[in-house]
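No experiment lies behind these values; they were computed from the predicted model shown. Counting begins at 1 with the first residue of the sequence. Values reported hereafter were calculated over all heavy atoms of this structure, with side chains retained and with hydrogens, waters and symmetry mates removed.
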Amino acid sequence: MFVLELTYTKPLDAVDALLAEHVAWLEEQYEKGVFLASGRKVPRDGGVILAVAEDRARVEEAVASDPFTVGGVCTYRITEFIATKTAPELARYRQTLG
């Protein structure tokens, strides 16, 4: 599992200019089963995405195709973690330490 933290590097008007494309990209990632949750940070200086993928390379590939990345309005920090406990709704994503 991965936590993706976006930090805006341009003013909000530049971010908002790409927002519709970013939301369409988010929808694609949800349809592919990569994203579990996403939203804006408070205050609005970026966002957070909870993702699942077979490996970090797949997540990096997704991030590279984000219109926010392509448009140069944000940077991503990708943190991988082992989800050993989850809410019942996320039980299928639980992992064991090996």
Side-chain angles (χ1 to χ4, degrees):
M1 195 167 286
F2 300 84
V3 176
L4 314 179
E5 183 181 3
L6 295 77
T7 301
Y8 298 146
T9 58
K10 301 287 183 192
L12 286 178
D13 60 335
V15 172
D16 287 341
L18 296 171
L19 190 57
E21 292 174 59
H22 173 74
V23 170
W25 169 82
L26 287 170
E27 290 299 326
E28 289 175 17
Q29 301 310 312
Y30 278 105
E31 289 173 14
K32 292 176 181 177
V34 177
F35 291 173
L36 300 178
S38 60
R40 292 178 177 173
K41 292 193 286 188
V42 178
R44 189 179 173 206
D45 60 1
V48 176
I49 301 169
L50 184 59
V52 292
E54 58 277 1
D55 57 35
R56 186 181 184 94
R58 172 65 188 97
V59 172
E60 290 173 347
E61 177 183 302
V63 165
S65 68
D66 179 359
F68 280 0
T69 301
V70 174
V73 300
C74 82
T75 59
Y76 272 89
R77 178 176 177 220
I78 302 171
T79 304
E80 184 173 3
F81 73 102
I82 299 170
T84 55
K85 286 194 73 68
T86 66
E89 298 81 8
L90 298 176
R92 69 185 184 138
Y93 301 108
R94 284 185 202 145
Q95 297 172 283
T96 56
L97 297 173

Point to revise | More than 12 heavy atoms of other groups within 6.0 Å of Lys41 NZ | key: yes
Review point. Looking at residues at least two apart in the chain, or sitting in another chain, which of them share a side chain to side chain contact (heavy atoms under 4.5 Å, CB included) with Glu21?
Key: Leu18, Pro67
Review point. How far apart are the closest heavy atoms of Gln95 and Ile82, and which atoms are they?
Key: OE1-CA, 3.3 Å
Exercise for review: Without swapping roles, check the side chain of Arg44 against the backbone of Leu12 for a donor-acceptor pair under 3.5 Å.
Suggested key: no
**Study point:** Which atom of Val48 lies closest to which atom of Leu6, heavy atoms considered
**Key:** N-CD1, 4.3 Å
Review point. Between Met1 and Leu36, does a side-chain contact (heavy atoms from CB on, under 4.5 Å) hold up when you go through it step by step?
Key: CA-CA 10 Å; Met1 195 167 286; Leu36 300 178; 4.0 Å; yes
Exercise for review: Verify, without hydrogens or angle tests, whether Thr69 (side chain) and Val63 (backbone) share a donor-acceptor contact under 3.5 angstrom.
Suggested key: yes
Check your understanding: Counting only heavy atoms not in Arg77, do more than 12 fall under 6.0 Å of its CZ?
Key -> no
Check your understanding: Of all heavy-atom pairs between Ser65 and Gln29, which one has the smallest distance, and what is that distance?
Key -> OG-NE2, 4.5 Å
**Study point:** Exercise: identify the closest heavy-atom pair between Trp25 and Tyr76
**Key:** CH2-OH, 3.5 Å
Practice item. Quick one: sort the Phe68 and Tyr8 rings into parallel, tilted or perpendicular, breaks at 30° and 60°. Key: perpendicular
Exercise for review: Decide yes or no for Arg58 and Val34: does some side-chain heavy atom of the first lie under 4.5 Å from some side-chain heavy atom of the second?
Suggested key: yes
**Study point:** Heavy-atom pair of closest approach, residues Ala53 and Val59
**Key:** CB-CG2, 3.7 Å
Review point. Which atom names give the shortest non-hydrogen contact between Arg94 and Thr86, and what distance separates them?
Key: NE-OG1, 2.7 Å
